[in-house]
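What you see below is based on every heavy atom in this structure, not just the backbone, and it leaves out hydrogens, waters and symmetry mates. Lettering follows sequence order; numbering is per chain, from 1.
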There are 2 protein chains.
Amino acid sequence: MQITRAAEYGVLGLTALARRPLGEVVMIDTLCAEEDIPRSFLGKILQSLNRAGIVRSARGSGGGFCLAKEPSEISALEIIEAIEGPISLQRCLDEDLGCEHSTGCALCSLLAVAQDRVKDVFRTTSLSDLTGRHIPNGLVRQARDRHRESESTPPVEAADTVTSTWTIN
Amino acid sequence: MQITRAAEYGVLGLTALARRPLGEVVMIDTLCAEEDIPRSFLGKILQSLNRAGIVRSARGSGGGFCLAKEPSEISALEIIEAIEGPISLQRCLDEDLGCEHSTGCALCSLLAVAQDRVKDVFRTTSLSDLTGRHIPNGLVRQARDRHRESESTPPVEAADTVTSTWTIN
DNA sequence: CTCAAACCGGACTGAAATGATCCGGAAAAG
DNA sequence: CTTTTCCGGATCATTTCAGTCCGGTTTGAG
Ligand code: FES
Ligand code: FES
């Protein structure tokens, strides 16, 4: 009943991309450093997102990844399903072969409803909804390190001034 | 992102109990036959449900299980959480230690909303809601077998129609 | 043209969760 | 005292998860 780490990392990695101007190409290493994600794992995940048309990749020197569309055009559902495959709360809801338990199964009906609710939440949340309020620890640490390194440089805007609360209508 | 088989079997087993008058004691074997569930697995699951106060067990000959409350008083959420533990769509929502990613994490907020929706659906569905339209394959097969048998042999007093007359206090 | 930078993608691995079984033990009925 | 039935801990096989590795391919710079 849990989202996988791959999906978690995927969403987080994309917020890092979405924090930049659309089209800016960023290397995996940069994204990993910002979001504290194992590098080779994020590589794999970005491959899936590339195949799904959510990011675009560029090889060779100067290469990396950028978003393929506006963050507001990318739903959390797209992202998660690109990584984990279709969301399904139960094997019987997987759209291929029915279950052995019963023809008009009450359990399946219940789980189908729950599954729809989840997908609704994910579908109606875009990447841009996720980007604003999220300040990854990786970035915070980088800012701190920069500050400690040269006392002359003023610190970046404090992370804890962000106070927005979550609402989904 | 899936419910476990244990939870699935648990709900199904309880619908089998709920199909009977409250307080009727049924053996594991009977439930397994009706719902097509591996016997020793259902045994384990019923232990959890017993500890959670959803069913009551009776040992010794004539023993078995019965519901501890009215089916309308048992929510799907209760059942599932008794078996799987608290529902959580992500480790950061597990109510103990926060996550390493970020203090005001957007992903967690999103998943918290989705999780609430799921729990709402489960909470507002009772066992009696599930019982009505569910006709397990096990029962269907038993009916078919009885019918086929009675074509060749005179009808015998069906053993499984005998209802015990006592209840667990 | 050559080389280094960067992603591609399949094979692989260790660890954990899942699905299920087994068996000795305890309680209740007869 | 014996049978029946559940208890509960140990055990086990399989699958999934989380993550790594490495040779291959593409690209750009010099
Ligand atoms: S049909 Fe498979 S559990 Fe409902
Ligand atoms: S704090 Fe853990 S993913 Fe949000």
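When atom types are taken as modelled, the side chain of A/Glu84 and the backbone of A/Thr4 share a donor-acceptor pair closer than 3.5 angstrom.
Regarding A/Glu84, its CD atom lies at a distance of 9 Å from the P atom of D/dA18, rounded to whole Å. Atoms CZ (A/Phe41) and C1' (C/dA11) sit 16 Å apart, rounded to a whole Å. Atom pair B/Leu31:CG and D/dC6:P shows a separation of 9 Å (rounding to whole Å applied). The separation between A/Arg91 atom CZ and C/dG19 atom C1' is 11 Å, rounded to whole Å. For the pair B/Arg56 CZ and C/dA28 C1', the computed distance is 17 Å after rounding to whole Å. Rounded to an integer number of Å, the gap from CG of A/Asp36 to P of D/dG19 is 12 Å. We find that CE of A/Met1 is positioned 12 Å from P of C/dT18, with the value rounded to whole Å. Between B/Leu42 atom CG and C/dT21 atom P there is a gap of 11 Å when expressed in whole angstrom units.
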Original post:
Do B/Cys66 and B/Arg56 pass the side-chain contact (heavy atoms from CB on, under 4.5 Å) test, and can you show the C-alpha distance, the side-chain angles, and the key distance before you say yes or no?
Top reply: CA-CA 5 Å; B/Cys66 67; B/Arg56 266 198 294 263; 4.2 Å; yes
**OP:** Take B/Arg117 and B/Asp120, measure what salt bridge (charged side-chain N to carboxylate O under 4.0 Å, His left out) needs, and give me the verdict at the end.
**Re:** CA-CA 5 Å; B/Arg117 295 281 186 284; B/Asp120 279 345; 5.2 Å; no
Subject >> Verdict with supporting geometry, B/Ile37 and B/Leu31, side-chain contact (heavy atoms from CB on, under 4.5 Å) >> reply: CA-CA 8 Å; B/Ile37 300 175; B/Leu31 297 173; over 6 Å; no
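Summary of the strand contacts: B/Asn50 and A/Ile3 both lie near DNA chain D, and taking for each the nucleotide with the nearest heavy atom, the more 5' one is attributed to B/Asn50. Position along DNA chain D of the nearest nucleotide to A/Ala6 versus A/Gly62 favours A/Ala6 as the more 5'-ward residue. Of the two residues near DNA chain C, A/Gln47 and A/Ser61, the one whose nearest nucleotide lies more 5' is A/Ser61.
In this structure, A/Ile83 is a member of the same hydrophobic cluster as A/Phe41, with clusters built from ILVMFWY side-chain heavy atoms closer than 4.5 Å.
Taking 4.0 angstrom as the limit, B/Ser57 places none of its side-chain polar atoms (N or O) nearer than this to OP1 or OP2 of D/dT5. Dashed line: the shortest gap from a side-chain N or O of A/Arg39 to OP1 or OP2 of C/dC7 is under 4.0 Å. Residue B/Ser40 places at least one side-chain N or O closer than 4.0 Å to OP1 or OP2 of C/dT21.
Of the candidate nucleotides C/dC8, C/dG9, C/dA6, C/dG9 has the atom nearest to the side chain of A/Arg51. Among D/dT20, C/dC7, D/dC7, the nucleotide with an atom closest to any side-chain atom of A/Pro38 is D/dT20. Comparing D/dC6, C/dA5, C/dA20 against the side chain of B/Tyr9 picks out C/dA20 as the nearest. Closest to the side chain of B/Arg59, from the set D/dC17, C/dT18, C/dA26, is C/dA26.
As judged by a 4.0 angstrom heavy-atom cut-off over every strand, A/Gly64 is placed among residues touching the sugar-phosphate backbone only. In this structure, A/Leu46 reaches neither bases nor backbone, as no heavy-atom distance under 4.0 Å exists between it and the strands shown.
Residue side chain A/Lys44 reaches the base of C/dG10 through a donor-acceptor N/O pair under 3.5 Å, judged by distance alone.
Atoms CD and CD1, on A/Glu81 and A/Ile54 in that order, are 10.0 Å from each other to the nearest 0.5 Å.
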